[in-house]
Amino acid sequence: MDLRLGGLFEQCLILGQQQQIRMRWSLMLDYPSPNNIEMSLLECIEKCEEYSEVIQSSDVLVNIDSDIPPWIVYLLICNAYEHGDVRLVREYVEFGQKSIVIGGGIGIIATALAQVSRRDVTVIEANPFLLNRLSQTARLNDVDFQIVYGAVKAGVRQGVTKFHISKEFWASSLRKDTWQSTSVIDVPVVDLSSLLMDDYDVAFFDIEGEEEKIFDAIALPQRLSTIFVEIHKPTIGEKVGAKIMNKLWEQGYRLVDSEALTSCWKR
């Protein structure tokens with residue numbers, strides 16, 4: 001590792017503790033933004049020449065490189081990236097359960113699911129620029145993903161749809177108001193209703209606002225006993241968030257735990 005880069009990584013860890021970044025994510029009512037002190041460090045990371053390093057974040061091995069936005073690099077180094085989601089998965093998923101992730105990102109959640117269940121995990125991801133990262137994360141952690149390229153869209157079971165790529169990949173979505181959208185591409189639609197019939201026990205939904213409509217459009221199979229839903233209230237609003245929770249309640253689920261925007265439901 002480059003000494004200057006290593007020093008920056010160490011500064012990230014120290015600053016993350018000082019600025020309580022994990023707590024800010026766990027207790028957030030909105031998406032936390034870097035403060036002025038953190039911005040100075042992020043600017044230094046931005047200036048680093050090409051780099052590629054494998055680190056451990058929330059006990060998951062992941063590769064960070066100069067293509068990842070500095071804010072996400074910082075969160076990964078500080079074990080603040082999806083750490084609440086990982087905690088919920090490790091607490092409520094059991095050995096042998098079959099899992100699917102809708103909105104795979106770079107594979108942190110899917111890896112946690114695979115590690116706990118000791119089974120391969122189906123991962124749906126609409127951002128084509130993340131597919132190689134997903135495969136890479138699986139290899140690093142010696143787990144298996146069955147990757148399905150495409151987006152789930154309420155009321156649509158085939159064809160293609162517009163997908164908005166965000167500057168920070170985790171915000172990419174079907175929404176026209178996607179934060180910091182840099183481009184719009186066509187992606188295939190995944191027939192989620194049919195896919196969920198494949199005897200899954202666990203599903204994790206992180207679909208950047210599409211949860212507003214998806215639970216009106218599909219009935220979740222009875223075998224699906226545990227679901228995790230990231231409800232993006234800063235994007236869709238508190239009223240819509242409450243509607244989603246009521247819809248899950250109507251399908252027989254009961255809320256058992258939550259952290260930040262992610263809730264765990266069982267039936």
Side-chain angles (χ1 to χ4, degrees), residues 22 25-28 31 57-60 80-126 134 137 143 145-146 148 151-152 154 170 173 190 192-193 195-196 198-236 240-267:
R22 282 170 59 92
W25 272 100
S26 294
L27 302 177
M28 66 181 180
Y31 306 124
S57 184
S58 298
D59 295 323
V60 173
Y81 182 89
E82 296 184 338
H83 72 283
D85 300 347
V86 171
R87 194 272 297 176
L88 291 170
V89 163
R90 290 184 172 144
E91 189 162 342
Y92 294 103
V93 175
E94 300 175 6
F95 173 82
Q97 289 188 311
K98 185 174 182 178
S99 305
I100 183 170
V101 178
I102 304 97
I106 59 174
I108 299 285
I109 300 306
T111 297
L113 283 164
Q115 290 172 335
V116 173
S117 67
R118 300 295 179 182
R119 294 188 62 167
D120 63 338
V121 174
T122 301
V123 184
I124 302 174
E125 177 52 53
L134 276 168
T137 300
V143 297
F145 298 161
Q146 304 301 318
V148 179
V152 299
W170 56 7
S173 76
V190 175
L192 182 61
S193 294
L195 196 56
L196 287 178
D198 194 18
D199 293 335
Y200 288 101
D201 304 293
V202 178
F204 196 111
F205 291 83
D206 184 3
I207 48 180
E208 303 303 322
E210 188 63 13
E211 69 272 13
E212 177 180 355
K213 306 172 185 175
I214 199 71
F215 297 112
D216 282 324
I218 63 171
L220 298 174
Q222 194 59 41
R223 181 186 172 99
L224 195 60
S225 60
T226 303
I227 63 171
F228 303 87
V229 184
E230 185 164 344
I231 302 177
H232 297 80
K233 293 180 183 178
T235 301
I236 63 178
V240 174
K243 178 184 175 184
I244 293 167
M245 297 176 77
N246 287 336
K247 194 68 180 179
L248 296 175
W249 187 273
E250 290 171 4
Q251 293 202 43
Y253 290 96
R254 297 297 179 262
L255 178 65
V256 297
D257 203 348
S258 66
E259 185 162 342
L261 300 179
T262 300
S263 50
C264 174
W265 301 75
K266 283 184 173 287
R267 70 178 176 188

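Values below: every heavy atom of this structure, side chains too, minus hydrogens, waters and symmetry copies.
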Is K247 salt-bridged to D216, going by a charged N under 4.0 Å from an acidic O? yes

A quick test of your reading: do over 12 heavy atoms of other residues, nucleotides or ligands sit less than 6.0 Å from CZ of R118? no

Quick check for you: to the nearest 0.5 Å, what is the distance between L220 atom CG and R267 atom CZ? 6.0 Å

Describe, in one word, how the ring planes of W170 and Y81 are oriented to each other, choosing from parallel (under 30°), tilted (30 to 60°) and perpendicular (over 60°). parallel

Heavy-atom side-chain proximity of E259 to D85 below 4.5 angstrom: no

Distance, nearest 0.5 Å, that separates SG of C264 from CD of E91: 8.5 Å

Has the side chain of E210 got a donor or acceptor atom that lies under 3.5 Å from a matching backbone atom of S173? no

Heavy atoms of T137 and I106 approach each other most closely as OG1-O, 2.7 Å

Smallest heavy-atom separation, Y92 atom then K266 atom, equals O-NZ, 3.1 Å

At what distance, to the nearest 0.5 angstrom, does CG of L255 lie from CE of M245? 5.0 Å

Just to verify, what does A114 make a side chain to side chain contact (heavy atoms under 4.5 Å, CB included) with, not counting sequence neighbours? V121, V143

Could you go step by step and tell me if I231 and F205 meet the side chain to side chain contact (heavy atoms under 4.5 Å, CB included) rule? CA-CA 9 Å; I231 302 177; F205 291 83; over 6 Å; no

K98 NZ: over 12 foreign heavy atoms closer than 6.0 Å: yes

Is there a donor-acceptor pair under 3.5 Å between the side chain of E211 and the backbone N or O of G209? yes

With respect to T226, which candidate in V202, L88, D201 satisfies the side chain to side chain contact (heavy atoms under 4.5 Å, CB included) definition? V202

Between D198 and T122, is the side chain to side chain contact (heavy atoms under 4.5 Å, CB included) condition met? List the steps. CA-CA 11 Å; D198 194 18; T122 301; 6.0 Å; no

Could you tell me the separation between the CD1 atom of I227 and the CD atom of Q251, rounded to the nearest 0.5 Å? 7.5 Å

Scanning both residues in full, the closest heavy-atom pair of E230 with H232 reads O-ND1, 3.2 Å

So which heavy atom on V190 is nearest to which on V148, and how close? CG2-CG1, 3.9 Å

Locate the shortest heavy-atom distance separating I236 from G241; write the atom from each residue and the value. CD1-N, 4.3 Å

Side chain to side chain contact (heavy atoms under 4.5 Å, CB included), that's the test. Do Q115 and V60 meet it? Break it down for me. CA-CA 9 Å; Q115 290 172 335; V60 173; 4.2 Å; yes

Can you measure from CH2 (W265) to OG (S258) and round to the nearest 0.5 angstrom? 9.5 Å

Please evaluate residues E212 and T235 with respect to the criterion side chain to side chain contact (heavy atoms under 4.5 Å, CB included), reporting the C-alpha separation (whole Å), side-chain torsions for both, the decisive distance (0.1 Å), and the verdict. CA-CA 10 Å; E212 177 180 355; T235 301; over 6 Å; no

Shortest non-hydrogen contact between I109 and V101, atoms and distance: CG2-CG2, 4.4 Å

For D206, give me all partners under salt bridge (charged side-chain N to carboxylate O under 4.0 Å, His left out), at least two apart in sequence or on another chain. none

Side-chain contact test, heavy atoms from C-beta onward, threshold under 4.5 Å: evaluate it for V86 versus D59 and give yes or no. no

Any chance you could measure L195, atom CG, to I100, atom CD1, to the nearest 0.5 Å? 4.0 Å

